[in-house]
Every structure is written in C-alpha cells, then in structure tokens.
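For reference, the structure is listed below as structure tokens.
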Amino acid sequence: MKDTPASQAGPLVTGSEIARLAGVTRAAVSNWRRRYEDFPTPSGGGANSPLFDLAEVRAWLDKQRKGQEVSVEVQLWQALRGVYGDDMLGGLVHVARLLAEGEAPKELPAAIVRLARNLAESQGAAETVSVLAQRFTDSVRRAGSEQVTSSRIVRALRHFAGDVASDATLFDPACGIGTALLAVGPQRGPRRCGQESDARSAAFAHMRADLTGHIDVSIVGGDSLRDDRWTGLEADLVICDPPVGESDWGREELLLDSRWEFGTPSRAEGELAWLQHAYAHTAQGGRVLMVMPASVAYRKAGRRIRAELVRRGVLTQITALPSGTAAAHALPVHLWELRRPSTPGDAATRVRMVDLTAGDPDGELEPAPEQVVEVPLIDLLDDAVDLTPGRHVETSHRAYAAEYQTLRQQLSDQVTSLAELLPVLAEGAGPGSLDGPAVSVADLARAGLVAYGDPEPVSISDQLDTDYLQGFLRKVANTRRSTSTSGTHRPDGKGARIPQMDITEQRRYGAAFRALQEFEERMQRVAELSRDAATLAREGLGNGALTPEN
C-alpha cells in the first residue's frame, strides 16, 4: 500500500507518541481506533506505521478528556509499580488471577483490586490483561532488558510463519509471558504448548491465554534444556526467542543428550543448543523459527554444527532483520528457519538468504528481489561456513563482468599515463656536487620560513619552494638524520639540511620532486587496482560469474 500524503501542514505523530501524550499504552490507542468512529484518520505514513495530525489528536483527546485526567489504566500501573517495584511480574500474576478467578489474592492491596476491577468493567478482562502485558513489555524494553520478546520480533515471527493450520501444534520452549506463542497463528484452533524457566512468567502467560480467549494452551515451568517437560512432543511449528549469551546452559550435564543431533554445542554456543532442542520437538514436515544473534552465523565455535545443518538439508532460510528489531539493542538479529524433511529425498538443496538489514524495523518484511538469493548447499560448505545473509546476497547481485571491465580499464589508463609522470632528467655535475652551503630545517623554522605541518614541514615564505624542501627532506642523508635509534622515521626532522639555492633553481628541482611524488602515488594506485582486479577475476572465475573469452 502506498503511503498516504499528509493532508495538512501541521506536525504528524505516531501511535506511540499519542500513547505517551495520553499516558496510555500503544495497545490502548489501537483500541481507541477500533472503538471510536470519530478517532482521527491517518494523515500520512503507511499501513503498518500510520501518522496522525497532532492538532486533530489533541482536539480528540480534549473532547474525550483522555489527555486531561489520569486514566484508570495509568492509575493501576502506577499503583502496581509502587507496591511491587522491580517485581512487576508478581503483580501481573496477582492481577491476572483476580481477573481469571474473581477472587483477589491476599497479597493484592485493596486499592489495586478496585482499580483492576474498574478497568475490567470498562474494557473487559482480556483487554485489561493485554494492556498490562504491553506496558510491561514497553517498560523492560526501555530498560534495555531481553526479559520479553519485542513487538517487532513478534511481528517478524508472525510474518515468516505465514498461514498456520487450525489443527497445528505450536511450541515455544522459552515462551516468557507468552507474547509470541499467543500471537502466531489463528487465535482458535491450534494447540499451543510452552515452557518457561521463570515461574511467574509461566503463570502469567497461562492466565493471559485463558483471559484472551485462547483455548488448548498448556504452559509449564522449568528449564527447557536441563528439564524438558515436553518429552515426546512433536510440533508442526516451533518458535523461539531464546536466552542470548548464556554460557551456563548445562553443557557439562548434557554432554550425551540425544538432542545434539548436529553436534554438541560449546559453552559459548548456547543458542545452538536451543536450536537443536527446538528441532528435536519438530514433527516430520514441521518447521522451526528461531531468533538468533547475528554472530551465530559466523562464530568459529559453531562452524561444525552449522555445516551439519546445511549438509543435512534442514536449514531452509536465514533472514537478517532490520537493525533495531530486537528490544534491548540496535544490533541486527537473524531469524533461522529449519524444516524436518518428511523423507530423505525431501531435504533442502538450497538455503534462502534474505538481507533486510537496511530496512525500517517497522517497515515491510517482504524482501525485494535484490535482497534475496538462493544459495546451493555446496557454496556454503567452505572452511568458515559463514551463514550471514548479507555476504551471500551481495555476492549474488554483484555485477562481476561490469566491475571487472571497469577495473581493467582503470588499470590500463593508469599504466598508460604512468611513464609520462617520470620527469625528464639530464646528467648533473656528479654525486656530492650539492654538498656545499646548506641550511638546517631548524634554522629555516627559526627564521620564519618553515612551519611544521602534518606530516612534513611546509614553506610559509616566497623565498622557499615547498616541493623543493620536501624533496630534499627525502634525500638519503636526511632520512638517516630523521630516523631514531629505534628505527622510527620522523619526516619533520629538525636536523635535516637543505641546499641553498635561489628561488628559480628551487622551483626547477621542486617540479621534478613533485613529478616523482605523483609517480609514486600513481604506482600505489596501480598496485591497488591490480590486487582488486586479480581478486575479483579469481572469485568470478571460481563461482561462474566470469568465463574466459574464446
């Protein structure tokens, strides 16, 4: 859908900015858009990130008195924050239990009970628990925590999961408060199974599922790697945003575990342990969607496991998501997709690489043709087994022939003009003929004729030619004077001595020295072009992008 043009010249605001303006969550703003016919229509942006006219929004909030008083939603959140502090999950569990069972837990203060019930009466229990979950997600995201899966990650999981059958089994072995598990697939139909090591998160996720109308949901507590509570489960779709960078994931206890079908992960590769755990719970023909740090695609410690995933034909796609997609940092993350073959002949023969890193984290997730490449397995099985999408997408769409011809022409032009740069020099009076009257650079500086530049001295007088000065600074004898006992060369050496000549002679020598300097610089450029052309030619000949002429 094309972006709608702004209808007015006034400033535009996003849904998140409206939420901050009104003191509510983004979910509440989305709810207002659905419930109130007079809510301002978008004045810009796109379908996924609409923009609203600020003046219209302010007028609507004033009319509804939503920007003039503290809403019950905000009062409830503030009360929970005041009582529970950093243990907000405990507070969410108690409120969810109140909404689900009707009876207030004894730990829940009466003021919070009253606010929760008032909010549930006005907008329903499902919306209340969803609003609290969204506020919790926003708060930990602002704190830089990875305690919950960001809304952008959830959106990516939903997009790449595609259509999920109503009779499918979904599994999330690190489900947190249930955000991704409850968001992927249709609300009714699929069986949803989850496990979460944090007992409070697991309890809240289960009650959240009940309150929002999800049926056939089972979420259990426990460490999925050390204490798998779903032995024997085979899911049609496994989704997971696993813990990142945890070295204490249980390797020593699990060395002989049957789940390590592709190799036992090192302590530093906990993410590959989660990946194999997810694959172990995948039914034939089923898929895994796993959120991974970008470094998992190239770290040396995981090379053998990556190679085995490729060799066995179970890795089908890796998508590099836009920077900023993850909640806690701006680093790019990848979405790995695996598929368990239904038969030996059903294994993948290529891996689809998708590079969205240059995109907007709130923008379209459907890649453009130049952002995708299908890579044969054999091309991935080199010494590094680097599965970074950008590397393969860039190589695939590189115009080898045009680039090689350009380099070749540049090299030819440089070589042709190279000899012309060498100055024409006649026979001089002989070695030592310029060893007569000379002046040191230090004396020239004291006389105000020279300034110490970077990296070499320069003339600041019309009595001295800079090219002449710097040319003689490179004389062998001066180079020795400018070199310390440690071998360090100091081109501004104050002990260097310059022959005394009139300005006309200086300029003759200066022109020759300048031509030699240009010649040396051109030689360096020729060397660089030669290396680039040879490297490109070898790579192109090796991968089939280039071929020898007949």
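Here, residue 1 is the first one in the sequence, and each next residue gets the next number. As the structure is a prediction and not an experimental result, all values here were calculated from the model.
A donor-acceptor contact under 3.5 angstrom links the side chains of Glu521 and Gln517, judged on distance only. When only modelled atom types and interatomic distance are considered, Thr149 and Asp241 share a side-chain donor-acceptor pair under 3.5 Å. A donor and an acceptor atom, one from each side chain of Gln317 and Thr319, are located under 3.5 Å apart. A donor and an acceptor atom, one from each side chain of Asp443 and Ser440, are located under 3.5 Å apart.
Side chains of Trp249 and Ser247 form no contact here, defined as non-hydrogen atoms less than 4.5 Å apart. At least one side-chain heavy atom of Leu541 sits less than 4.5 Å from a side-chain heavy atom of Pro548. Counting only heavy atoms from C-beta outward, the side chains of Asp379 and His392 never approach each other to under 4.5 Å. When side chains are defined from C-beta on, Val458 does not count as touching Val450, because their heavy atoms never get closer than 4.5 Å. A 4.5 Å side-chain heavy-atom check between Leu275 and Leu338 finds at least one atom pair inside the cut-off. Residues Leu321 and Pro361 are not in side-chain contact: their nearest non-hydrogen atoms beyond the backbone lie 4.5 Å or more apart. Taking 4.5 Å as the limit, some side-chain heavy atom of Leu516 sits within range of a side-chain heavy atom of Pro423. Two residues are said to be in side-chain contact when any heavy atoms from C-beta on lie closer than 4.5 Å; Leu411 and Ser530 meet this criterion.
The two residues Gln371 and Leu356 have their closest heavy-atom pair at OE1-CD2, 3.8 Å. When every heavy atom of Gly263 is checked against every heavy atom of Ile305, the shortest pair comes out as O-CD1, 3.5 Å. Pairing each heavy atom of Met290 with each of Ala278, the nearest pair is CE-CB, 3.6 Å. The two atoms that bring Ile177 and Phe136 nearest to each other are CD1-CD2, 4.0 Å, heavy atoms only. The nearest pair of heavy atoms linking Ser224 to His277 is O-CE1, 3.6 Å. A pairwise comparison of heavy atoms in Val351 and Leu315 identifies CG2-O, 3.4 Å as the closest pair.
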Evaluate the criterion salt bridge (Lys or Arg N to Asp or Glu O under 4.0 Å) for residue pair Arg352 and Glu337; output intermediate values, then yes/no. CA-CA 10 Å; Arg352 189 172 191 250; Glu337 181 171 340; over 6 Å; no

Determine whether Phe519 and Met523 satisfy the following criterion, side chain to side chain contact (heavy atoms under 4.5 Å, CB included), listing intermediate values before the conclusion. CA-CA 6 Å; Phe519 176 78; Met523 282 289 294; 3.9 Å; yes

What do the steps show when you test Gln410 against Arg525 for side chain to side chain contact (heavy atoms under 4.5 Å, CB included), and what is the final call? CA-CA 10 Å; Gln410 289 177 350; Arg525 178 58 179 154; 3.8 Å; yes

Which is it for Asp462 and Ile503 under the side chain to side chain contact (heavy atoms under 4.5 Å, CB included) test, yes or no, and what are the steps along the way? CA-CA 8 Å; Asp462 57 7; Ile503 190 64; over 6 Å; no

Might you work through the side chain to side chain contact (heavy atoms under 4.5 Å, CB included) test for Met88 and Trp77, ending with a clear yes or no? CA-CA 9 Å; Met88 284 299 289; Trp77 183 257; 3.4 Å; yes

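Atom-to-atom distance recorded for Leu309:CG and Leu380:CG is 11.5 Å, nearest 0.5 angstrom. Atoms OH and CG, from Tyr298 and Asp386 in turn, are 8.5 Å apart once rounded to the nearest 0.5 Å. Note that CE of Met292 is 11.0 Å distant from NE2 of His334, once rounded to the nearest 0.5 Å. Note that OG of Ser43 is 10.5 Å distant from CG of Leu54, once rounded to the nearest 0.5 Å. In this structure, CZ on Arg311 lies 11.5 Å from CZ on Phe262, to the nearest 0.5 angstrom. Atoms CZ and CG, from Arg408 and Asp532 in turn, are 15.5 Å apart once rounded to the nearest 0.5 Å.
For Gln500, the CD atom is densely surrounded, since the number of other residues' heavy atoms within 6.0 Å is greater than 12. Counting heavy-atom neighbours within 6.0 Å of Arg304 CZ, excluding the residue itself, gives a total of 12 or less. Within 6.0 Å of CZ in Arg81 there are more than 12 heavy atoms belonging to other residues, nucleotides or ligands. Under a cut-off of 6.0 angstrom, the local environment of CD1 in Ile378 is sparse, with at most 12 non-hydrogen atoms contributed by other residues, nucleotides or ligands. With a 6.0 Å radius and a threshold of 12 heavy atoms from other residues, nucleotides or ligands, Arg538 has its CZ atom at or below the threshold. The local environment of CG in Asp383 is sparse, with at most 12 non-hydrogen atoms from other residues, nucleotides or ligands closer than 6.0 Å. Enclosure of atom CZ in Arg58 is not indicated, since only 12 or fewer non-hydrogen atoms of other residues, nucleotides or ligands lie within 6.0 angstrom.
Using a 4.0 Å cut-off between charged nitrogen and carboxylate oxygen, Arg391 and Asp382 count as a salt-bridge pair. The pair Glu374-Arg350 does not count as a salt bridge, with every side-chain nitrogen at least 4.0 angstrom from each carboxylate oxygen.
Ring pair Tyr509/Tyr468 is perpendicular by interplanar angle, where above 60° counts as perpendicular and below 30° as parallel.
A donor-acceptor contact shorter than 3.5 Å links the side chain of Trp260 to the backbone of Leu254. Put simply, the side chain of Gln409 never gets that close to the backbone of Thr406: no donor and acceptor are under 3.5 Å apart. At distances below 3.5 Å, at least one donor-acceptor pair connects side-chain atoms of Arg158 with backbone N or O atoms of Ala183. A donor-acceptor pair under 3.5 Å links the side-chain atoms of Arg306 to the main chain of Val385, judged by distance alone. A donor-acceptor pair is defined here as one N or O able to donate and one able to accept, closer than 3.5 Å; no such pair exists between the side chain of Arg507 and the backbone of Asp465. Without hydrogens or angle criteria, Arg152 side chain to Gly324 main chain gives a donor-acceptor distance under 3.5 Å. Panel note: side chain Arg251, backbone Pro265; a donor-acceptor pair is recorded below 3.5 Å. Side-chain N or O atoms of Glu271 include none that pairs as donor or acceptor with a backbone N or O of Pro242 at under 3.5 Å. In this structure, the side chain of Ser150 engages the main chain of Ile153 through a donor-acceptor pair within 3.5 Å. Looking at Thr137, its side chain does come within 3.5 Å of a backbone N or O of Ala133 through a donor-acceptor pair.
Of the options Ile318, Val393, Thr388, Val373, a side-chain contact (heavy atoms from CB on, under 4.5 Å) to Asp355 is made by Val393 and by none of the others.
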